[in-house]
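Step one of this worksheet: look at the structure below.
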Amino acid sequence: MTTIAEQLPTRFEFGPIQQRLYQMWQDQGLFHSEPDSNRKPYTIVIPPPNVTGALHLGHALNTTLQDVLIRWRRMQGYNAMWLPGTDHAGIATQAVVEKRIRDEEKKTRHDLGREQLVRRIWEWKDQYEARILSQLKQLGCSCDWDRTRFTLDETCAKAVRHTFFDLFNKQLIYRGKRLVNWDTFLQTAVSDDEVINEKVAGLFWHLKYPVIDPLPDEPTHVVVATTRPETMLGDTAVAVHPDPAGALDKVEAELRERLAYAASSERVALETALQELLERRAAMLPQLLKLAQMATEGRTLCLPILDRVIPLIVDQWPKPELGSGCVKITPAHDPNDYEVGLRHGLPQINVMNPDGTLNAVAGPFTGLTLKKARQQIVDRLESEGLIDRIDEREIELPISDRSKTPIEPYLADQWFVRMDSLAQSAMDAVGNGDVQIVPQRYAYGYMDWLAEKRDWPVSRQLWWGHQIPVWSKKCAAELELQEANQQAWSIIESAADSAAIQIESKCGQEGTVHVCLRDETDTLSASLEKLGFVRDPDVLDTWFSSALWTHSTLGWPEKTADLAYYYPTSTLVTSRDIITLWVARMVLMGLNNLGQVPFRQVFVHPKILDGYGETMSKSKGNGVDPLDVIEKFGADALRFGMVHLTTETQDVRMPVQFECPHCQISIEQTHKNRVLPRVDCPTCKKTFGTQWAREEEDLALPRGLCLSERFEVARNFVNKLWNASRFSLMNLEGYKFASIDGSELCLEDRWILSRLNTVTQQVTSELEQFRFSEAARAMYDFAWDEFCSFYLEILKSRMNDQQRQTAQTMLAFTLDRLLRLLHPVLPFITEEIWQYLNIAAPQRGLFEADGPEPFLIRAAWPKSDSRLFAPQIESQFAHFQQVLAALREIRARQNIATKTPMSFAIRCSQEIATYLAPLSPYFKKMANAEATQIGPQAPIPRINSTMAVSQLEVFVDLDGLLDVAVEDARLQKEKANIETQIKLKQQKLSNASFVDRAPPDVVQREREALQQLTDQLVSVTKALTNLSP
RNA sequence: GGGCGGUUAGCUCAGUUGGUUAGAGCAUCUCGUUUACACCGAGAGGGUCGGGGGUUCGAGUCCCUCACCGCCCACCA
């Protein structure tokens, strides 16, 4: 009769199983959670992936960890709820869609218009959101899909409007002119965080500005240096340090101090720097002093080309030790100059149009792009002899992370969130432990960033996002302003709770009335518009809506049952690069809106790097595709791999390989081949396409999977588990549950139960501390080395009539508990086996039967049971393991074929013999070696190979089998080894200070170890003498 | 420039409060198709724990210092 188990394949065929089980879980509603006051909630909100693209390996890591936590807590009895969703990712998404439309239809967003573009992006979003959600499902994520949210959906939009209104009302939102990072391509301001600095080779121009009416002893020109000469059109001053001598003294003093403590390697550089400084001082100080003098006298310069008169001013900003010691001040186009300008009340002259061309201020250069203007301005200055010199140097060019075009600092009107009180609240939350960041070191970055309390620019000149709910009217005069204010008041009077007014005015001359509306009310907005109020076209920074994610998704601002039950959420799992951008802002918004932190714990997981230690990114083309891993190794293997990699040291290196679809050979991904759309296989010489294929002919090629061999371990583990389960199922035939009273349990049963108990405790504790890697390791080692390699092997000998029932009960019970432990990490294979186990052994347990549980996903997480914990049994079993290892080693050394039976004797105490004797059948089974005698008087075979292990000695009878030379060599080596160790121990123990100062138990341990070694030496020496004829 | 991390076997990584002879997986070598599994089993080789100093009876582990790698944050007109 063939059982079901015997028909199972020898490999875990995950593909169809994954689909079937996921469907089953969903159909049974096992992911869904409802508030239930009888149970504690455990809540995670997903960091919403951008709808821009597909999930990458970082997402796979992030979501796997969340699913592990959710499944584990669900099994623990918590009402676990994992809320899924996606992020509209304003700039990123709009940029991608705009680019696509431009490439494919040669149209700009202005050709399409706002409504049309937004419609197109929604279409895009629907498509990509579906793809992302399906990828999460393939990973096995047990999200509550009924609660799926999108940061731009109506529920979230409402939360955004309420929050914005609230902050506006509290005067925490204000309108301001600020120097922003302007992306001329996307024509929007981007935040500092979306700017990356790139080092490029550039030029450093030294320009000469003529002094107006110089006295005879005064310089005729002032030299200023710049990497962006075109900004000179916006210069409104040149600054020098007020006390160049003092400033230089200070720098000199600092250098000398550093030199005094410098290491030799630094000395040369410091000495050179000091030398240069002194030379410079000698050469330039008189001139700088002169200029500072002139500046205090209110002297002026002539700005070349435009012939504008600009003042020479003194300010702390210019550093006399750098460049010419003078700085041109362009308040509208440089962050530092902006600050200088504010201090001195300088005009802010904006020379640029939003599209990056020069505006009317630029005179002859109006309409040119910055790049063209630069060349022409330089030429013009050159021809006028106003270029002192041009240096080559490496400059840092700010680049927009979204459009990859250079950023221009640009003065623009923006909405800001005032951060001081909000930031402070978020700092307090971490400071007082309401929010715990794990690993703790990431709290430093969080604190430092918040401590700056820099106001948050929240408006973006985009169309894709939450449009700012503010209607404004610009007024040219005081009277008009007052009138507009009154009109607005009369309109919003009826809605005083949900509308607010701010007046922004300059010196009572001109100004703007802003009306913020909390709700989508057509009547109010229509009335406002009738009066000439215009809705702000800008949208909010994506992070504004993301910051509300923990509560907007639960229905806030409504007082929903969900909100009351699930908020604050339990754990946030995220990557370190958004701790400030996202985590900090969620904390302060949660506190502002609900007065409670959004989550209790933040777990920051590692980053995945490629084999060269570089971050994986689309543009580098060095990523592993999680779907490829799932296809090749299975979702469980991907998940186990991820969990196994999540160590506390952070950052995981993952060498990447292509798999040739023709010959299945792995090809290492290198800097050269990783962005190629097609690769030639060096083995079979055929060509395949990669995940970066875009052209039709490349896409038509068979695609090479993008993998990492680091998942093979996990795949092998899954397969091992599959086969162990198959074996178990085969041996459960005729199983009937019978409770165990304990007396019938053998040593090996007590051993595996104790180990199971220990590992259960360990895994639980590791997960509590987010030590994922440790949890995975504990499960792996237990399942493979103890359950499979020892316990199952032993049970093979016990499936006889007398022992069968206990053995089966034990087998079903152990496998049951193992599956539970592994389920959070390996949901598919464990659930699959569970289903079979429910057929083969529906009732399982040890002292009493467990309640039936049709689905492993909601089975109870094992609790450790102190009755099962038996350390002495574990050490007794260790003797068995050591003897077995000795037998195998002797066999291997002596090169005796496995099928040749051996016999052996063990010399040991009576006590050891008592518990070792019943295990002797297993020596036969597992090492093909028969124990002839065990005990203190065991006769030693005449010709033997021996091995001393802790507290006992194994003698294998090798009559007719012994290779004397091999044995001699082995014993010599062993002897030498023991002698070295004895020497070390003796040294240690004869060291008076060790014996006196080390703790007694350590000394005692050393003494015992020495005794054992001495015993071993005796037996090895004896064996050696016996060996020689 | 400031901060944080890393440097342990050929490769990828563990190593908890300092305490026997520093571990695992992969790779390598030897042997093996014993009815769960060759995505397997048995065994072996392989490390002066980045360098240098210090504290200690004792340091991969703590302190100092140097070197290299990575990330984050500020920035040079």
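A note on names: the letters A, B, ... follow the listed sequences, proteins ahead of strands, and every chain is numbered from 1.
The CD1-P distance, from A/Ile829 to B/C37, rounds to 15 Å in whole Å. When the C1' atom of B/A77 is taken as reference, atom CZ of A/Arg389 falls 13 Å away, rounded to whole Å. Atom CD of A/Gln986 is separated from atom P of B/C57 by 22 Å (rounded to the nearest Å). Note: CZ (A/Arg726) to P (B/U35) measures 13 Å, nearest angstrom. Rounded to an integer number of Å, the gap from CG of A/Leu609 to P of B/G5 is 17 Å. Protein atom CG of A/Leu8 is 12 Å distant from nucleotide atom P of B/C37, rounded to whole Å. When the P atom of B/G25 is taken as reference, atom CZ of A/Phe640 falls 12 Å away, rounded to whole Å. Look at CZ on A/Arg653: it is 22 Å from P on B/G25, rounded to the nearest Å.
Just one residue in the list A/Asp334, A/Asp315, A/Asp337 forms a side-chain contact (heavy atoms from CB on, under 4.5 Å) with A/Ile329, and that residue is A/Asp337. With A/Tyr209 as the fixed residue, the side-chain contact (heavy atoms from CB on, under 4.5 Å) test singles out one of A/Leu312, A/Val223, A/Val224: A/Val224. When each of A/Gln894, A/Arg888, A/Arg893 is tested with A/Ile890 by the rule side-chain contact (heavy atoms from CB on, under 4.5 Å), just one qualifies, namely A/Gln894. Across A/Leu884, A/Leu795, A/Asp785, a single residue satisfies side-chain contact (heavy atoms from CB on, under 4.5 Å) together with A/Phe790, and that is A/Leu884.
Candidate nucleotides B/A77, B/C37, B/C57 were compared by shortest atom distance to the side chain of A/Thr226, and B/A77 ranks first. Among the nucleotides B/G15, B/C57, B/A36, the one closest to the side chain of A/Lys796 is B/A36. Considering only the side chain of A/Leu792, B/A36 comes nearest among B/A36, B/A77, B/C13.
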**Request:** Walk me through it: do A/Glu967 and A/Arg970 pass the test salt bridge (Lys or Arg N to Asp or Glu O under 4.0 Å)?
**Result:** CA-CA 5 Å; A/Glu967 188 63 4; A/Arg970 202 208 99 218; 2.9 Å; yes
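Salt-bridge annotation for A/Lys632 and A/Glu659: present, with a side-chain N of the basic residue lying under 4.0 Å from a carboxylate O of the acidic one.
Comparing the C1' positions of B/G5 and B/C13 gives an interatomic distance of 16 Å, to the nearest angstrom.
Summary of the strand contacts: A/Tyr444 and A/Arg771 both lie near RNA chain B, and taking for each the nucleotide with the nearest heavy atom, the more 5' one is attributed to A/Tyr444. For the pair A/Phe727 and A/Phe204, nearest-nucleotide mapping onto RNA chain B gives the more 5' position to A/Phe727.
A/Glu1008 comes within contact range of no nucleotide atom at all, as no heavy-atom separation falls under 4.0 Å. Counting any heavy atom pair closer than 4.0 Å across all strands shown, A/Gln769 reaches no nucleic acid atom.
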**Asked** Where along nucleotides 38-46 of chain B does protein come under 4.0 Å, by heavy atom, of base (B) or sugar-phosphate alone (S), with - for untouched nucleotides?
**Response** -BSSSSSS-
**Under 4.0 Å protein heavy-atom contacts per nucleotide of nucleotides 17-24 of chain B, with B for base, S for backbone only and - for none** = --BBB---
**Message:** Could you spell out the base pairing of RNA chain B as a dot-bracket line? Use Watson-Crick and G-U wobble contacts where both distances are under 3.5 Å, [ ] for crossing pairs, | for partners on a different strand.
**Reply:** (((((((..((((.....[...)))).(((((.......))))).....(((((..]....))))))))))))....
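Side chain to side chain, A/Asn991 and A/Gln987 fail the donor-acceptor criterion of an N or O pair below 3.5 Å.
Every residue two or more places apart in sequence or in another chain that forms a ring pair (Phe, Tyr, Trp, His ring centres under 6.0 Å) with A/Phe923 is listed here: A/Phe880, A/Phe904. Scored by the side chain to side chain donor-acceptor pair (under 3.5 Å) test, A/Glu452 finds A/Arg454 as partners (sequence neighbours excluded). The side chain to side chain contact (heavy atoms under 4.5 Å, CB included) search around A/Thr227 returns A/Phe204, A/Ile395, not counting sequence neighbours.
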